[in-house]
Chemist: 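Before I ask anything, let me first share the structure, which is written out below as structure tokens.
A, B, ... follow the sequence lines: proteins, then strands. Residue 1 opens every chain.
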Protein chains: 2
Amino acid sequence: MVGESSRIASQDGLRADARRNRGRILVAARAVFAEHGIDAPMATVARRAGVGVATLYRRFPTRDALVRAAFAQQMETCARALTEALDDPDPWRGFQRLIETACELQREERGFPAAFVAAFPDSTVDHARARQRAERDLMTLVRRAQAAGALRADFHPSDIAVALLSHCALVTALPHDRAASRRLVAYLLQSFRAEAAHGALPPPSALSLRSLPLAADGSQGAQPSNTAQRT
Amino acid sequence: MVGESSRIASQDGLRADARRNRGRILVAARAVFAEHGIDAPMATVARRAGVGVATLYRRFPTRDALVRAAFAQQMETCARALTEALDDPDPWRGFQRLIETACELQREERGFPAAFVAAFPDSTVDHARARQRAERDLMTLVRRAQAAGALRADFHPSDIAVALLSHCALVTALPHDRAASRRLVAYLLQSFRAEAAHGALPPPSALSLRSLPLAADGSQGAQPSNTAQRT
DNA sequence: GGTCAAACGGACGATGTCGTCCGGTTCGCA
DNA sequence: TGCGAACCGGACGACATCGTCCGTTTGACC
């Protein structure tokens with residue numbers, strides 16, 4: 001098919017041992033990040049995976065690449081939730097479930113919140129297309145729920161980011177306190193409902209939804225984009 | 001009075017140059033922490049203050065001591081806000097202002113949020129008395145606002161911590177986005193109002209309010225408690 | 001089974017931060 | 001003015017992490 005050198009049959013172009021090690025590294029990374037935070041030494045991840053540091057760096061040149069790959073599955077769950085939310089015939093329920101799913105993921109998958117915020121700001125050029133679509137979907141979701149009279153009219157799409165980021169940080173500060181997380185989500189959702197709109201709100205943030213890690217594109221879990229560089 | 005060697009007249013027992021340098025260090029620390037985060041190198045703070053590292057370490061043996069001292073003023077503002085909230089004849093307004101003041105402080109004083117959460121978990125034994133009083137005051141504040149029918153009945157004191165911590169994290173993630181911060185506060189306050197109570201809430205967190213850095217005790221800004229140790 | 005590229009992993013130099021030590025300086029008091 | 005204690009600050013060794021280099025091993029294909 002694609003005119004590669006084609007000595008290797010496996011789909012991802014990795015040798016069997018390499019692929020096996022890659023998997024081990026991702027498992028180890030999730031465990032280590034959950035336990036010691038996202039800034040844990042790379043060597044710790046390598047040791048836990050039973051590989052050398054060089055193997056780790058070869059597969060994931062930067063910590064960022066490792067983090068993204070380690071939590072690609074969770075990111076994708078977020079993205080799928082967005083699709084499902086749009087498919088829900090009840091606009092409010094779709095909206096509500098999106099928020100709840102994203103927050104539940106942040107709550108249950110330790111280490112993921114850090115990845116979530118880490119992926120947040122520096123995603124301006126990265127896989128722009130998928131993010132643009134996610135942004136559009138979010139706005140559609142919001143408008144539909146507003147048109148149905150369930151979501152308050154002065155809700156601004158950027159409020160989604162406000163909600164997700166603040167919740168994110170709460171679970172980071174209190175990783176074991178699920179009750180606190182659930183409470184915050186419940187409070188936020190209640191105040192997002194149309195009938196909760198009593199006073200006026202201050203102006204919305206200029207935050208772009210495009211930067212929210214809700215975009216489903218396969219590239220995240222794939223090979224490290226060797227162009228990715230942290231400064 | 002206290003039978004000191006008494007060669008030094010100044011109240012804090014520091015020589016004039018030492019006191020001057022201490023002030024410089026605090027100013028520099030606030031600036032550096034705001035700019036580079038709370039984990040900025042101690043040497044950076046020292047350089048900015050125009051003193052040697054040794055001077056910095058002599059005055060503040062641990063980073064923690066420096067952080068506490070640097071933001072003691074902000075902590076005290078928080079604590080004063082609590083007192084004022086209790087003095088307000090309108091229970092709801094008192095409650096509202098407390099939340100708003102604390103959040104405004106977090107929003108405007110860059111670096112303070114990090115100090116706020118840093119002070120949060122490891123304050124179990126530290127100046128326990130003041131914290132106990134703060135806890136009692138908070139509960140009084142909540143009960144009064146509930147009795148007045150302004151604060152929803154299912155509001156739990158620990159929700160204050162939920163609100164402050166999540167807001168704290170939001171401004172940490174988006175230090176420049178004041179609109180996002182104000183929005184979150186407005187949403188939270190609206191959902192705390194009695195008339196916003198529509199559905200049932202999940203059970204409250206077991207979080208102790210005692211650990212919230214809202215306690216005003218002079219010890220924070222004073223000499224570093226040499227017993228304080230990080231592990 | 002043989003060949004070779006790909007993958008492996010430990011060692012290593014570079015870098016940055018920490019916290020202390022000590023010789024020189026300055027302040028406060030007589 | 002003189003003295004001594006307190007203070008100052010740069011230098012320094014210890015330590016952790018980073019990311020690369022390179023000799024060795026392993027898997028895929030013939």
Side-chain angles (χ1 to χ4, degrees), chain A residues 3-26 28-29 32-33 35-67 69 223-224 226-231, chain B residues 3-26 28-29 32-33 35-67 69 223-224 226-231:
Chain A
E4 299 300 318
S5 71
S6 76
R7 288 191 58 185
I8 295 179
S10 57
Q11 49 178 359
D12 54 2
L14 286 181
R15 231 168 61 176
D17 53 344
R19 194 166 344 112
R20 192 182 338 119
N21 280 337
R22 185 175 189 279
R24 280 188 191 170
I25 288 173
L26 290 180
V32 169
F33 288 157
E35 193 168 346
H36 303 292
I38 209 174
D39 290 324
M42 298 289 260
T44 306
V45 176
R47 203 177 326 117
R48 178 133 184 177
V51 303
V53 248
T55 303
L56 175 54
Y57 276 107
R58 192 175 313 111
R59 218 43 76 204
F60 307 101
T62 68
R63 154 173 272 112
D64 194 68
L66 176 59
V67 169
Q223 320 309 329
N226 335 32
T227 65
Q229 289 285 358
R230 272 200 187 273
T231 52
Chain B
E4 300 300 318
S5 72
S6 77
R7 290 191 59 186
I8 294 181
S10 57
Q11 50 178 355
D12 52 3
L14 288 180
R15 227 168 66 176
D17 52 347
R19 192 163 350 109
R20 193 181 338 121
N21 280 338
R22 184 174 189 279
R24 280 187 190 172
I25 288 173
L26 290 180
V32 169
F33 288 156
E35 193 168 347
H36 303 292
I38 210 172
D39 290 323
M42 298 288 262
T44 306
V45 176
R47 203 176 327 117
R48 178 133 183 177
V51 304
V53 249
T55 304
L56 175 53
Y57 276 106
R58 190 174 316 111
R59 219 43 78 203
F60 308 101
T62 68
R63 154 173 271 109
D64 195 68
L66 177 59
V67 169
Q223 320 309 329
N226 334 29
T227 65
Q229 288 285 356
R230 271 201 188 272
T231 51

Chemist: If only side-chain N and O atoms of A:Arg58 are considered, is one of them under 4.0 Å from the OP1 or OP2 phosphate oxygen of D:dG19?
Modeler: no
Chemist: Please report the distance, rounded to the nearest Å, between CG in B:Leu66 and C1' in C:dC18.
Modeler: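 Going from CG in B:Leu66 over to C1' in C:dC18 covers 14 Å.
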Chemist: May I have the distance from B:Arg63 (atom CZ) to C:dC18 (atom C1'), rounded to whole angstrom?
Modeler: 9 Å
Chemist: Judged by each residue's nearest nucleotide on DNA chain C, which is more toward the 5′ side, B:Asp39 or A:Val53?
Modeler: A:Val53
Chemist: Rounded to the nearest angstrom, tell me the gap between atom CG in B:Asp17 and atom P in D:dA6.
Modeler: 13 Å
Chemist: Please report the distance, rounded to the nearest Å, between CZ in A:Arg20 and C1' in D:dT26.
Modeler: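 Interatomic distance, CZ of A:Arg20 to C1' of D:dT26: 10 Å.
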Chemist: NA contact type, B:Ala18, heavy-atom cut-off 4.0 Å: base, sugar-phosphate, or nothing?
Modeler: sugar-phosphate
Chemist: Write down the distance between CE (B:Met42) and C1' (C:dG16), rounded to a whole number of angstrom.
Modeler: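 Going from CE in B:Met42 over to C1' in C:dG16 covers 15 Å.
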Chemist: How long is the line joining CD1 of B:Ile25 and P of D:dC8, in whole Å?
Modeler: 8 Å
Chemist: Does A:Arg15 place a side-chain N or O at less than 4.0 Å from the phosphate oxygens OP1/OP2 of D:dT26?
Modeler: no
Chemist: Measure CZ/A:Phe60 against P/C:dG9 and give the value in whole Å, please.
Modeler: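 In whole Å, C:dG9 P lies 14 Å from A:Phe60 CZ.
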Chemist: Would you indicate which nucleotide in D:dC18, D:dG9, C:dG9 comes nearest to any side-chain atom of A:Pro41?
Modeler: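 The answer is D:dC18.
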Chemist: Is B:Met42 close to B:Val45 at the side-chain level, that is, under 4.5 Å between some pair of heavy atoms?
Modeler: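 Sidechains of B:Met42 and B:Val45: no contact.
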Chemist: Any side-chain heavy atom of A:Arg47 sitting closer than 4.5 Å to one from A:Thr44?
Modeler: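 The answer is yes; the side chains approach within 4.5 Å.
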Chemist: Tell me which one of B:Arg15, B:Arg19, B:Arg20 satisfies side chain to side chain donor-acceptor pair (under 3.5 Å) with B:Asp17.
Modeler: B:Arg15
Chemist: With heavy-atom distances below 4.5 Å as the criterion, would you say the side chains of A:Val51 and A:Arg59 are in contact?
Modeler: no
Chemist: Is A:Thr55 close enough to C:dA7 that one of its side-chain N or O atoms is under 4.0 Å from OP1 or OP2 there?
Modeler: no
Chemist: Taking only the side-chain nitrogens and oxygens of A:Asn21, find out if one of them lies under 4.0 Å from OP1 or OP2 of C:dC8.
Modeler: yes
Chemist: Figure out the OH/C1' separation between A:Tyr57 and C:dA7, and round it to whole Å.
Modeler: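 So the two atoms are 18 Å apart, to the nearest Å.
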Chemist: Does any non-hydrogen side-chain atom of A:Arg22 lie less than 4.5 Å from one of A:Leu26?
Modeler: yes
